[in-house]
Trainee: 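Below: one structure in structure tokens.
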Amino acid sequence: MDFNCSEQCILEIKNTEKFELYLPVIVFMGLLFLMGTIGNIIVLMVYSQKKRKTSSHFFILTLSILDLFGCFFGIPTEIADLCNPYLFDAPFACRLLRFTLSVTTISSAIVLLEVAFDRYYRICKVGLQYSLRKTKLLCVVALFIGVLLSWPSFVIFGKKRVEVVPGIYGSDCSTDDSIDKKYPTTYYGFLFLLFIICTALIFGLYVRLSLEVRKRKDLQIHTKSTQQPICPSQRDSEEPSVVDLSDETPENNKQRKYSAAVIKVPRQGQQIRVGRTTVILFAVSVIFVVSYLPFLIAMVVRNVWKEFESSLNPTAELIYKFCLKSYFLNNAINPIVYSFLNVNFRQEIPRAAANCFCKGCCKR
């Protein structure tokens with residue numbers, strides 16, 4: 001009995017030491033929780049109130065729901081795990097956490113790939129775009145693929161015995177002791193391959209898009225001298241001075257959609273550019289890749305190199321923990337990207353908040 005008491009005391013002391021070591025990561029996660037939860041609620045509030053929704057609006061709404069889910073449910077559980085590195089004795093909660101985070105991450109990757117194809121068709125195939133019905137279907141398909149590819153995490157993870165000191169073991173939320181080590185290695189190898197494929201496709205499509213815009217600019221310069229001059233008054237009345245190749249057109253207005261497709265053809269005196277929405281969604285894709293890569297590399301190394309974690313000194317272990325939580329950056333930073341790159345989004349926040357407040361008062 002005395003031995004059990006002594007063992008528990010040692011576990012609590014060692015757990016406190018790890019908690020103090022992980023405190024910077026815990027504070028970091030807490031900040032991401034506040035930023036991500038508040039930010040994604042604002043994004044949902046603004047984009048859900050848009051009267052004429054486009055495909056990009058539904059993609060952004062889907063990404064925000066996934067990000068909010070990861071922040072609101074994932075981060076608190078991760079903080080609980082960091083606070084109890086040797087005393088986490090809830091295997092089902094661990095499985096549910098890993099499964100949920102895997103679903104949100106994979107689904108987000110698929111949505112960003114769908115966004116890249118949408119941008120490609122909209123700009124490189126001028127006038128073409130996903131219909132709202134197809135966009136909604138693609139968002140559901142992304143979620144289905146996320147669930148389909150995430151179910152192994154519900155089996156792989158669970159309660160892992162960790163030797164704190166010789167002869168004394170704690171428990172951690174990690175690869176379950178009953179699972180053969182080859183399965184998590186295979187699973188994370190597959191996720192790494194999927195990540196590379198999605199990243200290559202996303203950036204390949206955006207590169208193709210940028211080359212198409214450059215080609216049209218060069219063509220405009222080449223043909224400028226051969227075109228008949230247009231008087232300023234006629235140009236101003238017929239054509240805008242800027243052709244936005246990714247301009248959004250609501251589906252529920254057929255005449256407006258047709259007209260937008262027509263004015264996308266560049267003429268003399270017009271400046272060709274990629275729209276703000278495309279820039280924002282490209283930035284979101286870059287942030288996803290940058291934030292997810294450290295986590296994926298750390299997981300692959302941990303499963304390939306069996307003694308990796310035990311060989312780390314305290315500083316290296318802290319950096320390693322930051323890498324394991326890096327993908328939460330994507331959940332929290334996206335709303336800042338929308339706000340920083342979109343002036344209209346910042347201007348619509350007060351109006352959207354006022355509408356929500358008024359609706360709440362009316363219901364009362």
Side-chain angles (χ1 to χ4, degrees), residues 12 14-44 63-109 150 153 157-160 162 170-175 188 191 284 287-299 301-302 308-309 312-339:
E12 291 178 357
K14 292 296 182 180
N15 189 83
T16 303
E17 291 176 358
K18 285 293 183 183
F19 165 76
E20 293 174 352
L21 175 64
Y22 297 158
L23 192 57
V25 185
I26 295 172
V27 173
F28 171 72
M29 296 290 285
L31 292 175
L32 291 183
F33 172 78
L34 292 175
M35 291 169 51
T37 302
I38 297 173
N40 283 296
I41 289 175
I42 292 175
V43 172
L44 291 174
L63 289 171
S64 295
I65 292 172
L66 293 171
D67 289 341
L68 181 60
F69 208 83
C71 288
F72 193 76
F73 294 100
I75 291 181
T77 313
E78 288 283 6
I79 291 176
D81 182 35
L82 289 168
C83 292
N84 298 281
Y86 295 139
L87 299 173
F88 195 91
D89 193 16
F92 180 78
C94 176
R95 292 189 182 97
L96 187 61
L97 165 68
R98 302 304 180 195
F99 172 76
T100 302
L101 294 179
S102 183
V103 170
T104 57
T105 302
I106 295 175
S107 298
S108 295
S150 298
S153 61
F157 291 100
K159 183 178 179 180
K160 178 182 179 181
V162 181
S171 57
D172 185 26
C173 175
S174 186
T175 305
Y188 279 104
L191 289 183
V284 170
I287 290 171
F288 175 83
V289 172
V290 172
S291 63
Y292 191 59
L293 189 58
F295 161 77
L296 202 54
I297 292 176
M299 291 300 295
V301 171
R302 186 181 76 176
F308 174 70
E309 289 182 297
L312 297 175
N313 59 44
T315 302
E317 184 179 357
L318 183 61
I319 296 174
Y320 168 66
K321 285 295 180 181
F322 270 112
C323 290
L324 289 181
K325 315 303 178 187
S326 64
Y327 59 93
F328 283 109
L329 276 169
N330 174 68
N331 303 133
I333 291 181
N334 283 346
I336 298 176
V337 174
Y338 303 142
S339 177

Trainee: What's the spacing between L312 CG and Y320 OH if we round to 0.5 Å?
Mentor: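 Here the interatomic distance stands at 7.5 Å.
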Trainee: Using residues 289-298 as the side-chain source, report each donor-acceptor pair under 3.5 Å to any protein atom, sequence neighbours left out, with the distance given to one decimal.
Mentor:
unit_1, atom_1, unit_2, atom_2, d
S291, OG, I287, O, 2.9
S291, OG, F288, O, 3.1

Trainee: Output the distance between atom OH (Y22) and atom CG (N84), rounded to the nearest 0.5 Å.
Mentor: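 Going from OH on Y22 over to CG on N84, the span is 12.0 Å.
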Trainee: Work out which heavy atom in D67 is nearest to a heavy atom in S108; give both atom names and the distance.
Mentor: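 Scanning both residues, the minimum pair turns out to be OD1-OG, 4.4 Å.
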Trainee: Mind checking whether I26 and M29 have side chains closer than 4.5 Å, heavy atoms only?
Mentor: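 With C-beta onward as the side chain, the pair stays apart.
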Trainee: What's the shortest heavy-atom distance between Y338 and S64, and which atoms?
Mentor: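 Heavy atoms of Y338 and S64 come nearest at CE1-OG, 4.2 Å.
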Trainee: Is the backbone of C323 close enough, under 3.5 Å, to the side chain of S326 for a donor and an acceptor to pair up by distance?
Mentor: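 Checked: pair present.
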Trainee: Rounded to the nearest 0.5 Å, how far apart are CD1 of I38 and CG of L68?
Mentor: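 Answer rounded to 0.5 Å: 11.0 Å.
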Trainee: How long is the straight-line distance from CG of L63 back to OG1 of T104, given to the nearest 0.5 Å?
Mentor: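 Here the rounded value is 11.0 Å.
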Trainee: Are D81 and R98 close enough for a salt bridge, meaning some N to O gap below 4.0 Å?
Mentor: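 Yes, this pair counts.
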Trainee: Taking the side chain as everything from C-beta on, heavy atoms only, tell me whether I42 gets closer than 4.5 Å to P335.
Mentor: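 The answer is no, as the side chains (C-beta and beyond) never meet within the 4.5 Å cut-off.
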Trainee: Apply side chain to side chain contact (heavy atoms under 4.5 Å, CB included) to Y188 and V301, showing your working.
Mentor: CA-CA 10 Å; Y188 279 104; V301 171; over 6 Å; no
Trainee: Where is the tightest heavy-atom contact between D89 and P91, given as atom of each residue plus distance?
Mentor: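 That would be C-CD, 3.7 Å.
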Trainee: Name all residues meeting the side chain to side chain contact (heavy atoms under 4.5 Å, CB included) criterion together with A93; count only those two or more places apart in sequence or in a different chain, and write none if there are none.
Mentor: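 Result, side chain to side chain contact (heavy atoms under 4.5 Å, CB included) vs A93: A90.
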Trainee: Can you find a pair of side-chain heavy atoms, one from F88 and one from S174, that are under 4.5 Å apart?
Mentor: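 No, side chains not in contact.
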Trainee: Minimum heavy-atom separation for S153 and F99, please, with both atom names.
Mentor: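 Looking at all heavy atoms of both residues, the shortest contact is OG-CA, 3.3 Å.
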Trainee: Which pairs pass ring pair (Phe, Tyr, Trp, His ring centres under 6.0 Å) with one or both residues in residues 63-84, sequence neighbours excluded?
Mentor: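 Every ring pair (Phe, Tyr, Trp, His ring centres under 6.0 Å) pair that includes a residue of residues 63-84, provided the two are not neighbours, is F69-F73.
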Trainee: Is R302 close to T175 at the side-chain level, that is, under 4.5 Å between some pair of heavy atoms?
Mentor: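 Answer yes - side chains close enough.
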Trainee: Which atoms form the tightest heavy-atom contact between S102 and S150, and what is the distance?
Mentor: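 Minimum heavy-atom contact is OG-OG, 3.0 Å.
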Trainee: Step by step, work out the side chain to side chain contact (heavy atoms under 4.5 Å, CB included) result for N334 and V43.
Mentor: CA-CA 9 Å; N334 283 346; V43 172; over 6 Å; no
Trainee: Is the side chain of R95 donor-acceptor paired with the backbone N or O of G158 at a distance under 3.5 Å, no angle test?
Mentor: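 Such a contact is absent between R95 side chain and G158 backbone.
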Trainee: Would you confirm whether N40, through its side chain, and N331, through its main-chain N or O, come within 3.5 Å as a donor-acceptor pair?
Mentor: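 Such a contact is found between N40 side chain and N331 backbone.
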Trainee: Counting only heavy atoms not in K321 (residues, nucleotides, ligands), do more than 12 fall under 6.0 Å from its NZ?
Mentor: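 It does: K321 NZ has more than 12 such atoms within range.
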Trainee: Looking at side-chain heavy atoms only, is the closest gap between L82 and K325 below 4.5 Å?
Mentor: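 Yes, their side chains come closer than 4.5 Å.
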Trainee: Can you tell me how far CD1 of I106 sits from CG of L101, rounded to the nearest 0.5 angstrom?
Mentor: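 Rounded to the nearest 0.5 Å, the CG-CD1 separation comes to 11.0 Å.
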Trainee: Which residues pass the side-chain hydrogen bond (donor to acceptor under 3.5 Å, both in side chains) test with K18, sequence neighbours left out?
Mentor: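 Once residues adjacent in sequence are excluded, the partners of K18 under the side-chain hydrogen bond (donor to acceptor under 3.5 Å, both in side chains) criterion are E317.
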Trainee: Could you list the residues that satisfy side-chain hydrogen bond (donor to acceptor under 3.5 Å, both in side chains) with E17, not counting sequence neighbours?
Mentor: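 E17 satisfies side-chain hydrogen bond (donor to acceptor under 3.5 Å, both in side chains) with no other residue.
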Trainee: Identify, with sequence neighbours excluded, every residue that meets side chain to side chain contact (heavy atoms under 4.5 Å, CB included) alongside S107.
Mentor: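 Side chain to side chain contact (heavy atoms under 4.5 Å, CB included) check on S107 returns L66, V103, L143.
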Trainee: Kindly compute the distance separating CD (E78) from SG (C173), expressed to the nearest 0.5 Å.
Mentor: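 SG of C173 is found 7.0 Å from CD of E78.
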Trainee: Is the positively charged end of K14 above the ring of Y86, judged by distance under 6.0 angstrom from the centroid and angle within 45° of the axis?
Mentor: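 K14 over Y86 ring: no.
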